[in-house]
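Whatever order the structure lists ligands and atoms in, that order sets their numbers, starting from 1.
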Amino acid sequence: MSNFKFSVGPWNVHEGADAFGPEVRESIDFEKKVRKFKEIGLSAVQFHDDDAVPEMNNMSEEQIKKAARDVKGFLDSQGLAAEFVAPRLWMDPHTTDGGFTSNSKEDRDFAMWRAYRSIDIARELGCDKIVLWLAREGTLCAESKDTVESVNRLISSINAILDYDSGIKVVIEPKPNEPIDRSFCPTMGHVMALSAACKDPSRVGGLLESAHAVLAGLDPANEIAFALAMGKLFSVHLNDQNGMRYDQDKAFGVENLRQAFNQVKVLKENNYGSKGEYVGLDVKVMRTQKIEDCYRHIENSIKIFKMLEAKVARFDYELQKKLVAERNYEALEMYVMELLLQG
Ligand code: 3MF
Ligand code: MG
């Protein structure tokens with residue numbers, strides 16, 4: 001039995017388009033995906049604002065709330081919760097140069113409109129978290145934005161979001177690059193600094209995605225631990241990534257098992273989940289996968305997580321203490337390898 005609850009987003013089952021080729025699978029209807037999520041053991045759904053309310057740009061605030069209420073009814077009927085809503089600030093023509101840090105005032109205003117609507121949608125869906133993946137808040141051309149001014153714009157935007165709803169929590173998902181070259185918020189340390197600079201740091205935390213840490217050349221478990229130490233790990237996007245290349249969003253643990261083990265270990269040791277947090281997955285189906293079997297990466301991620309959870313439960317803390325006292329880290333390392341490799 002796992003001590004954790006899992007969540008996933010509808011984008012995790014996608015049509016397979018990449019930068020070099022078109023879609024290879026038919027689109028699956030939102031409700032069909034969600035029914036399948038329930039069947040494979042998920043407890044909550046993660047949303048982009050327009051996953052919940054497609055065409056929201058052309059709707060009034062009241063129409064948006066009403067559409068979100070209908071989604072909530074459907075989630076209730078399936079026994080699933082909503083974990084968070086993330087304004088999708090990277091697809092729209094208004095966000096070509098970023099949202100909160102765009103050089104265009106009109107586009108910055110659009111980004112705030114989407115952030116406020118995301119809060120409205122979150123409230124209707126019964127959740128109190130909005131995730132900011134700051135996808136285009138950075139530069140392609142280093143000289144195109146003033147970095148000091150941009151960081152201050154991020155802080156002002158977050159403050160405005162905090163003002164809009166006194167109970168909402170802002171969850172920042174850092175990523176060092178892709179789609180931009182240089183991000184203004186590349187790592188969890190940057191997230192914690194932004195949090196500290198905001199008007200209510202207790203409501204601004206982080207979401208660590210394993211692959212994003214790897215892309216920054218950092219260890220995901222250490223990044224998770226850093227946010228935990230600050231009491232500000234509000235969510236995670238567990239997945240895996242083969243080194244510093246394009247963003248892969250592979251199933252959790254399939255590339256670096258020891259690193260995955262240490263992510264589960266630090267979450268378990270620090271009672272992650274005890275305040276209602278979910279183990280979020282951000283895993284993408286391989287392009288090669290046939291549509292008949294396109295949820296397998298999610299099932300595999302949960303299975304691998306639970307197998308690692310069982311390994312963590314068997315971790316011999318007495319032996320660890322003894323080996324640390326002896327400063328015999330070679331022995332400790334071998335103990336971990338044997339724990340992972342033996343049945
Ligand atoms: C980025 C995210 C999502 C993305 C999604 C797109 C919340 O790592 O987690 O935003 O939208 O991954 O493919
Ligand atoms: Mg993610």
Candidate list Lys275, Arg203, Lys169, Arg123, test salt bridge (charged side-chain N to carboxylate O under 4.0 Å, His left out), partner Asp128, passing option
Lys169
Looking only at protein heavy atoms, what sits closest to atom 8 (O) of ligand 1 is Glu173 OE2, 2.8 Å
Tyr335 and ring-ring contact (aromatic ring centres under 6.0 Å, His included): which single residue from Phe315, Tyr329, Tyr317 fits?
Phe315
Angle subtended at the Mg ion (ligand 2) by Asp282 OD2 and Glu173 OE2, to the nearest 10 degrees, is 170°
Which residue and atom name correspond to the protein heavy atom nearest atom 5 (C) of ligand 1, and how close is it?
Trp11 NE1, 3.4 Å
Tell me which protein heavy atom sits closest to atom 11 (O) of ligand 1, plus the residue, atom name and distance to 0.1 Å.
His48 NE2, 2.5 Å
Tell me whether the Mg ion (ligand 2) has Glu209 as a neighbour, meaning an N, O or S atom of it below 2.8 Å.
yes
Nitrogen or oxygen atoms of Asp249 and ligand 1 under 3.5 Å apart:
no
Closest approach of any protein heavy atom to atom 2 (C) of ligand 1, naming residue and atom:
Asp282 OD2, 3.3 Å
The atom of His237 among N, O or S that is nearest the Mg ion (ligand 2) is ND1
Any N or O on Trp133 sitting closer than 3.5 Å to an N or O of ligand 1?
no
Residue His212 vicinity, atoms of ligand 1 by number, heavy atom under 4.0 Å
8 (O)
Answer with side chain, backbone, both or neither: which part of His14 has a heavy atom less than 4.0 angstrom from an atom of ligand 1?
neither
How long is the straight-line distance from NZ of Lys250 back to CD of Glu255, given to the nearest 0.5 Å?
3.5 Å
